Asks: 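Just passing along the structure, written as structure tokens.
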There are 4 protein chains.
Amino acid sequence: MNVKVDPSSKIPLYQQLTQQLLLEIATGNLQNGDQLPSIRDLAGQTNLNLHTVHKSYKELQKRGIIAIKPHSKAFVIIEKSSKVKKANLQQISMKIEQIMVEANVLGISEHLLQQMFHENLRNYYTES
Amino acid sequence: MNVKVDPSSKIPLYQQLTQQLLLEIATGNLQNGDQLPSIRDLAGQTNLNLHTVHKSYKELQKRGIIAIKPHSKAFVIIEKSSKVKKANLQQISMKIEQIMVEANVLGISEHLLQQMFHENLRNYYTES
Amino acid sequence: MNVKVDPSSKIPLYQQLTQQLLLEIATGNLQNGDQLPSIRDLAGQTNLNLHTVHKSYKELQKRGIIAIKPHSKAFVIIEKSSKVKKANLQQISMKIEQIMVEANVLGISEHLLQQMFHENLRNYYTES
Amino acid sequence: MNVKVDPSSKIPLYQQLTQQLLLEIATGNLQNGDQLPSIRDLAGQTNLNLHTVHKSYKELQKRGIIAIKPHSKAFVIIEKSSKVKKANLQQISMKIEQIMVEANVLGISEHLLQQMFHENLRNYYTES
DNA sequence: GTGGTCTAGACCACA
DNA sequence: GTGGTCTAGACCACG
């Protein structure tokens, strides 16, 4: 398990966590029947509030991905799910477009914007 | 001027308005030097509260896109001092970075993100 | 007559103008008995609204510095006045102190602040 | 914490509050890393409206003096990234320039201004 | 509980 | 008429 959330992001923590857990399932790190870490454990690992982790679990339960049993034992009850992204891709795409509008207004050339993007991309994916 | 906001959206109204105004500028409907409608007028047109519109204008002012001269009916004009531009470049760069963090959390691969960026870029600069 | 106002300043235009006129009197450019320019003329020279200039003249009249006769002819009726500044000096002094507080909070050293001040001073008084 | 505002002053309440908070930091009452009171608490203490306090906090955030983490009860801490510092230096420099413009309009000589600056500097750095 | 947003209505100084 | 500020009261999502 390797879940990380970015507290400075505008995306709600519980949503980030939910996505991360879905990823774990999608990648096979968590398989059908596996037990999820306890809420306390996961809260400890991620430095998140108990409520926040609880909310994520409830969310996954509502979507029928996991089952929560007494004593807060949670199990994966579904096979790989890959319907995670569609709406999210649109969101990201919209944000990219907004940046272009803004860059254009500020007189930033297409070339410069492209350059900035790649520079950021390089920095981001080499340091993480 | 043809600005519309969606009150049922989750995106704050003042941010929607800000984006709309940026679009007006990007498309050339509002040109450098043009006057924006008064806060009251725009509030009337859009059925928004004075404060909401005011917040948008302040936002654009903060970004160096428009200039607000108190009492002097008009406010407008894109600033183009080199100082301003540097700060804006940093802002744009930060936004790009934010997108990467988000994309990463959502499980979007580096490659896919790059693809999306170029697609947007192509669409944006060929249609305008 | 050499009156200038700074439209981007936070100080109200009519107050700036009033101060400028007081300066003209203080320096002897305008002497007791001299006629002030007409409101229209002065408004033209300074690119100010008629109302704004009018307000300045009224202000000076209220202080007993000038007399306004029919047809808007205005005359200086008082000798040099030097009581312009006292309150203003305090204001400036307060603002200087505020800058120091802020600089201190930001961890700017006394030396650096001093350096910045002198640099600004040099720039300002050589270009104007 | 001992913040007071003067409702009868011409200076906007939120600016007074901002200055007070800066003073708290400058004097060491609030140290780097400390938590500020919640917006609601401070509004209660000072008999100000939520929005007024909120505006102050946002102002300080904009200047990079405090950090606001939504919902995460606390906000605080002085940022010290080098990027931030550069922007702040520019801001300070701009404020110094503004003072010069004002002083000039008010008829304060270069020499007198310099004198006032050094007097303030001496007072400030010997008493603290 | 927190901060963030929105509305409604008011007053001010300035132009 | 303008923008700027302030208050009062409301709702929201998040933690």
Side-chain angles (χ1 to χ4, degrees), chain A residues 5 7 9-17 43 46-56 59, chain B residues 5 7-17 35-43 46-59 61 66-75, chain C residues 5 7 9-17 43 46-56 59, chain D residues 5 7-17 35-43 46-59 61 66-75:
Chain A
V5 294
S9 163
K10 281 178 303 184
I11 299 177
L13 298 175
Y14 83 96
Q15 281 184 24
Q16 290 185 45
L17 182 56
T46 53
N47 281 324
L48 291 175
N49 191 290
L50 289 180
H51 297 333
T52 308
V53 178
H54 183 245
K55 200 164 185 174
S56 276
E59 177 76 15
Chain B
V5 294
S8 67
S9 162
K10 285 178 308 182
I11 302 175
L13 298 177
Y14 80 95
Q15 281 183 22
Q16 289 184 49
L17 183 54
Q35 283 194 1
L36 289 161
S38 84
I39 291 183
R40 286 175 167 79
D41 277 1
L42 193 50
T46 53
N47 283 325
L48 291 174
N49 188 282
L50 285 184
H51 298 70
T52 309
V53 179
H54 183 239
K55 207 166 180 176
S56 276
Y57 278 32
K58 276 295 189 182
E59 179 75 18
Q61 182 190 31
I66 70 172
I68 302 179
K69 269 213 269 177
H71 320 117
S72 171
K73 175 167 185 185
F75 17 74
Chain C
V5 293
S9 162
K10 283 177 305 187
I11 300 178
L13 298 174
Y14 83 96
Q15 281 183 23
Q16 289 184 46
L17 182 56
T46 53
N47 282 322
L48 291 174
N49 190 291
L50 289 181
H51 297 333
T52 308
V53 179
H54 183 244
K55 200 163 185 175
S56 277
E59 177 75 15
Chain D
V5 293
S8 66
S9 162
K10 286 178 307 182
I11 300 175
L13 297 176
Y14 80 96
Q15 281 183 22
Q16 289 184 47
L17 183 55
Q35 282 194 2
L36 290 162
S38 85
I39 292 183
R40 286 175 167 79
D41 278 0
L42 192 50
T46 53
N47 283 322
L48 291 175
N49 188 282
L50 285 184
H51 297 68
T52 309
V53 178
H54 184 239
K55 206 166 182 175
S56 275
Y57 277 34
K58 277 295 191 185
E59 178 76 17
Q61 183 189 30
I66 70 173
I68 302 179
K69 270 214 269 177
H71 322 119
S72 169
K73 175 166 185 183
F75 16 75

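Remember, it's a predicted structure, so these values are computed and weren't measured experimentally. Proteins come first, then strands; the chains are lettered A, B, ... in the order of their sequence lines, and each starts at number 1.
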Asks: Just how far is it from atom CG of C:N49 to atom CG of C:N47, taken to the nearest 0.5 Å?
Replies: 11.0 Å
Asks: Is any side-chain heavy atom of A:K55 less than 4.5 Å from a side-chain heavy atom of A:H51?
Replies: no
Asks: Using Watson-Crick and G-U wobble pairs with both distances under 3.5 Å, what is the 5'-to-3' dot-bracket string of DNA chain E, with [ ] for crossing pairs and | for pairs outside the strand?
Replies: ||||||||||||||.
Asks: Name the residue closer to the 5' end of DNA chain E, choosing between B:L50 and D:I39 according to the nucleotide with the nearest heavy atom.
Replies: D:I39
Asks: Give every pair of a protein N or O atom and an N or O atom of nucleotides 11-15 of chain F that lie under 3.5 Å apart, one pair per line with the distance.
Replies:
{"from": "F:dC14", "atom 1": "OP2", "to": "A:Y14", "atom 2": "OH", "distance (Å)": "3.3"}

Asks: Counting only N and O atoms by type, is there a donor-acceptor contact under 3.5 Å from the side chain of A:T52 to the main-chain atoms of A:Y14?
Replies: no
Asks: If each of D:L48 and B:D41 is mapped to the nucleotide of DNA chain F with the nearest heavy atom, which maps nearer the 5' terminus, i.e. the 5' end?
Replies: B:D41
Asks: Verify the contact: side-chain N or O of B:K58 to OP1 or OP2 of F:dG4, cut-off strictly under 4.0 Å; return yes or no.
Replies: yes
Asks: Using modelled atom types and a 3.5 Å cut-off, is there a donor and acceptor pairing between side-chain atoms of B:Q16 and backbone atoms of B:I11?
Replies: yes
Asks: Nearest to the D:H54 side chain among E:dT2, F:dT2, E:dT5, which nucleotide is it?
Replies: E:dT5
Asks: Let me confirm one number: the CD1-CD distance from D:I66 to D:E59, rounded to the nearest 0.5 Å.
Replies: 10.0 Å
Asks: Round to a whole Å and report the spacing from CD of D:Q16 to P of F:dT5.
Replies: 12 Å
Asks: Checking A:V53 against A:L17 for the side-chain contact (heavy atoms from CB on, under 4.5 Å) test, could you report, in this order, the C-alpha distance in whole Å, the side-chain angles of both residues, the deciding distance, and whether it holds?
Replies: CA-CA 7 Å; A:V53 178; A:L17 182 56; 4.0 Å; yes
Asks: Looking only at heavy atoms, what is the nearest atom pair of B:L42 and B:T46, with distance?
Replies: O-OG1, 2.6 Å
Asks: Please report the distance, rounded to the nearest Å, between OH in B:Y57 and C1' in F:dT5.
Replies: 19 Å
Asks: Determine the minimum heavy-atom distance between D:L36 and D:Y57, stating which atoms define it.
Replies: CB-OH, 3.7 Å
Asks: Whole Å only: how far is the CG atom of B:L42 from the P atom of F:dG3?
Replies: 10 Å
Asks: Output the rounded distance in Å from CG (C:N47) to C1' (E:dA15).
Replies: 14 Å
Asks: Starting at atom CG of D:L17, determine the distance to atom P of F:dT7, rounded to an integer number of angstrom.
Replies: 11 Å
Asks: Which heavy-atom pair separates D:P37 from D:D41 by the least distance, and what is that distance?
Replies: CB-CB, 4.2 Å
